[in-house]
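A short worksheet on the structure shown next.
A, B, ... follow the sequence lines: proteins, then strands. Residue 1 opens every chain. In what follows, every heavy atom counts, from backbone to side chain, and hydrogens, waters and symmetry copies are set aside.
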Amino acid sequence: METIQPVRGTSDLLPAEKARHNHVIDSAKQGAAQFGYAEIATPIFEFTDVFSRPLGASSDVVAKETYSFEDRGGTGLTLRPEGTASAMRAIISNGLTQTLPQRWFYAGPMFRYERPQKGRMRQFHQIGCELIGQAGALGDAEIIACGVHILKSLGVLERTSLHLNTLGDSESRDSYRAVLIRYLEGYRKSLSEDSQRRLDTNPLRILDSKSETDKEILQDAPRLKTHLTSEAEAHFDAVKQALDAASIAWVEDPFLVRGLDYYSHTAFEFITDQLGAQGTVLGGGRYDGLSQTLGGPPLAGVGFAAGVERLALLGEDMPGQRPDLALLAAEKTAEADLFALGCSLRDTGFSAVNLYTGNMGKKMKAASKLEARFAIIAGDDELGRGSVSVRNMQDGVQTEVKISALASWLENVLSR
RNA sequence: GCGGGUGUAGCUCAGUAGGUUAGAGCGCCAGUUUGUGGUACUGGAUGUCGCCGGUUCAAAUCCGGUCACUCGCCCCA
């Protein structure tokens, strides 16, 4: 069968699934708003540099997962693989560096050229929060608390655990990187192929290798923790204290290293074991160096992003959309009147669906399938008396109501 | 990018020592009910068996390729 299909790794969001997505997005938006995060939207594509510079050329996202192309003018563009770089670019572009901090929320599609899997798509959707221009551990704690709040409001918090690590400041990382390389060089031949390559390009990433032999080698590797500057250590301690004070549970995970180069200090992920290989449901961290890689001034920032698909997969099914009313005419001659009645009922705020095809039985069946709360039935009889029959679809009780009194009658019965 | 699994009706799936008209359940359509659904009963429609090629008198079934989905690796949301 050669029926036309959507592009690999993309999919249509049909009503039931789109409803779940909307639920995730709406809850997140509302939760973020309680923290003072206002929604923004940036373009879906940017100059390629916006992503390649901050994320790091050696990062997997940029090296092999990016949708990059030249437009007709020969300009190098990239479909956004994530939201933080765009947000920071927007801060700089709009001169908002004078009015900090900014608390932003966003939701929208992201694009990564990857092998599709459950909970992993080439076009997927993220919600995210960015707190830009706020240094200090309380900023990190606030962002994490915001993530907790959103996961809680979606009822999935208890199905995740919060993993926490610090990547230190650049001074800490530089000294640690040297020590780590020295240690790992001794095992170079035993490391997995990927890790051998990373040893040259991005040694810190070896820390979260999933290879068993790599893990063994790493057991005795020097820890970043012992190479932190006293400032970096104090920062991390303050984050943990703030989380404890807010009763937010966390586990320290020294092997948590996030894939994007711009992170520094705190890195965190909310991980679940219920989505197969795609365990990370919400992740983020501090990115104090990001602004400068985009040509902006030094600016602090922390943020997170969460996958809408993954959250929708974790959350339970949402009730579908139900109309208040279904309108069905008993005779052809009544159709126009019911059409008009539907329009006026919608004007007064009800959701109403007109049914046009089939006999009464078919129409009732359709009304019941739509899960309409009430069916408004009328033929020439009722209309002649200036009224309609209103049937409660749940208990089957049917009453005749004057059209002039219909709106208030329904109002009364529906608000109950 | 690398490995494993799967691809038969709208959906979930049966169907192997290759054999003639390819099945079930759900759903859909119609009727029992010519102005009344959700239950029940009766009847009906639906497939180039993913695609291309090969073996064979004969392929949904065997072989090769290809595409898609899926699980894992990698990486992340």
Side-chain angles (χ1 to χ4, degrees), chain A residues 1-11 24 28 55 58-65 81-84 107-128 147 160 192-195 197-198 202 205 208-212 214 256-260 267 269-272 275-284 303-314 326 328-332 334 355 357-372 374-382 388-398:
Chain A
M1 197 144 37
E2 194 71 9
T3 46
I4 192 161
Q5 294 299 318
V7 173
R8 181 164 160 80
T10 69
S11 81
V24 168
L55 307 202
S58 70
S59 71
D60 283 0
V61 169
V62 168
K64 57 179 197 191
E65 295 174 2
E82 58 101 49
T84 302
M110 305 291 165
F111 305 84
R112 259 121 95 155
Y113 189 89
E114 290 189 279
R115 185 89 179 253
Q117 264 179 60
K118 181 196 188 94
R120 169 189 300 177
M121 303 289 288
R122 289 184 172 181
Q123 174 175 341
F124 61 104
H125 300 81
Q126 286 187 333
I127 55 103
T160 67
S192 68
E193 207 175 306
D194 279 336
S195 292
R197 183 172 40 76
R198 291 200 201 104
N202 197 347
R205 291 224 49 86
D208 70 351
S209 169
K210 304 291 190 298
S211 149
E212 285 304 324
D214 287 1
L256 172 62
V257 183
R258 298 191 41 86
L260 281 15
E269 293 186 358
F270 288 82
I271 296 175
T272 179
L275 291 180
Q278 281 63 244
T280 303
V281 136
L282 183 154
F304 70 75
V308 175
E309 281 80 1
R310 292 182 186 179
L311 289 171
L313 245 25
L314 264 194
L328 32 163
E331 290 110 24
K332 274 263 177 248
L355 303 174
T357 50
N359 55 27
M360 277 302 290
K362 297 290 143 205
K363 287 175 180 167
M364 283 302 293
K365 205 170 210 171
S368 138
K369 202 157 143 192
L370 285 170
E371 297 187 292
F374 288 86
I376 304 228
I377 303 159
D380 296 333
D381 297 357
E382 289 96 330
V388 292
S389 297
V390 182
R391 182 183 181 87
N392 183 326
M393 293 300 281
Q394 193 168 355
D395 55 24
V397 174
Q398 192 163 316

Pair assignment for RNA chain B - dot-bracket with | for other-strand partners, Watson-Crick or G-U under 3.5 Å: (((((((..((((.....[...)))).(((((.......))))).....(((((..]....))))))))))))....
Backbone N/O of A/T357 and side chain of A/K362: donor-acceptor pair under 3.5 Å: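 Answer holds: no.
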Approximate separation, where rounding is to 0.5 Å, of [X] [atom1] and [Y] [atom2]:
| X | Y | atom1 | atom2 | answer |
| --- | --- | --- | --- | --- |
| A/L370 | A/M393 | CG | CE | 9.0 Å |
| A/N359 | A/L328 | CG | CG | 11.0 Å |
| A/H125 | A/R310 | NE2 | CZ | 14.0 Å |

How would you list, by chain and number, every residue that makes a side-chain contact (heavy atoms from CB on, under 4.5 Å) with [X], sequence neighbours excluded?
| X | answer |
| --- | --- |
| A/D380 | A/E331, A/T333, A/A334 |
| A/N392 | A/F374, A/Q394, A/D395 |
| A/A366 | A/L355 |
| A/A330 | A/M360 |

Nearest heavy-atom neighbours spanning A/P81 and A/M110: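 It is O-CB, 3.9 Å.
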[N] versus [M] - spacing of their [atom1] atoms, nearest Å:
| N | M | atom1 | answer |
| --- | --- | --- | --- |
| B/C2 | B/C74 | C1' | 9 Å |
| B/U6 | B/U32 | P | 48 Å |
| B/C69 | B/U12 | C1' | 15 Å |
| B/U39 | B/C73 | P | 43 Å |
| B/G64 | B/A59 | C1' | 15 Å |
| B/U8 | B/C51 | C1' | 14 Å |
| B/U20 | B/A24 | C1' | 22 Å |
| B/U55 | B/C62 | C1' | 8 Å |

Of A/R120 and A/V281, the one whose closest RNA chain B nucleotide lies more 5':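 Result: A/R120.
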Would you give me the side-chain donor-acceptor pairs under 3.5 Å for residues 113-124 of chain A, sequence neighbours excluded?
from, atom 1, to, atom 2, distance (Å)
A/Q117, OE1, A/Q278, NE2, 3.4
A/R120, NH2, A/Q278, OE1, 3.2
A/R122, NE, A/E114, O, 2.7
A/R122, NH2, A/E114, O, 3.3

Torsion-based syn/anti label for B/A17, 90° from 0 as limit: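 Here B/A17 takes the syn form, which means its glycosidic angle is within 90° of 0.
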Residue list, salt bridge (charged side-chain N to carboxylate O under 4.0 Å, His left out) with A/E309, at least two apart or on another chain: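 If we apply the salt bridge (charged side-chain N to carboxylate O under 4.0 Å, His left out) test to A/E309, skipping adjacent residues, there are no hits.
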Below 3.5 Å between N/O atoms, which protein atoms pair up with nucleotides 32-39 of chain B? Just atom names and distances, please.
from, atom 1, to, atom 2, distance (Å)
B/G35, N7, A/E331, OE2, 3.4
B/G35, O6, A/D381, OD2, 2.7
B/G35, O6, A/E382, OE1, 3.3
B/G35, N1, A/E382, OE1, 2.8
B/G35, N1, A/E382, OE2, 3.0
B/G35, N2, A/E382, OE2, 2.5
B/U36, O2, A/R391, NH1, 3.0
B/U36, O2, A/Q398, OE1, 3.2
B/U36, N3, A/Q398, OE1, 3.0
B/U36, N3, A/Q398, NE2, 3.0
B/U36, O4, A/Q398, NE2, 2.8
B/G37, O2', A/S368, OG, 3.3
B/G37, N7, A/R391, NH2, 2.9
B/G37, O6, A/R391, NE, 3.4
B/G37, O6, A/R391, NH2, 3.1
B/G37, N1, A/M393, O, 2.5
B/G37, N2, A/M393, O, 2.7
B/G38, N2, A/M393, O, 3.2
B/G38, N2, A/Q394, O, 2.8

Stepwise side chain to side chain contact (heavy atoms under 4.5 Å, CB included) check, A/I377 with A/R391: CA-CA 8 Å; A/I377 303 159; A/R391 182 183 181 87; 4.1 Å; yes
Sugar-phosphate only, base, or nothing, as touched by A/A305 at under 4.0 Å among non-hydrogen atoms: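 Sugar-phosphate contact only - A/A305 comes under 4.0 Å of backbone atoms but never of a base.
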Touch class at under 4.0 angstrom, heavy-atom based, for A/L282 against every strand present: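 It contacts sugar-phosphate atoms only.
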Contact pattern, 5' to 3', of nucleotides 66-71 of chain B - B, S or - by protein heavy atom under 4.0 Å: --SSBB
With sequence neighbours excluded, residues passing side-chain hydrogen bond (donor to acceptor under 3.5 Å, both in side chains) with A/T272: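 Result, side-chain hydrogen bond (donor to acceptor under 3.5 Å, both in side chains) vs A/T272: none returned.
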Contacts of A/T280 that satisfy side-chain hydrogen bond (donor to acceptor under 3.5 Å, both in side chains) - sequence neighbours left out: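 Once residues adjacent in sequence are excluded, the partners of A/T280 under the side-chain hydrogen bond (donor to acceptor under 3.5 Å, both in side chains) criterion are A/E269.
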Contacts under 3.5 Å, N or O only, protein and nucleotides 42-44 of chain B:
none

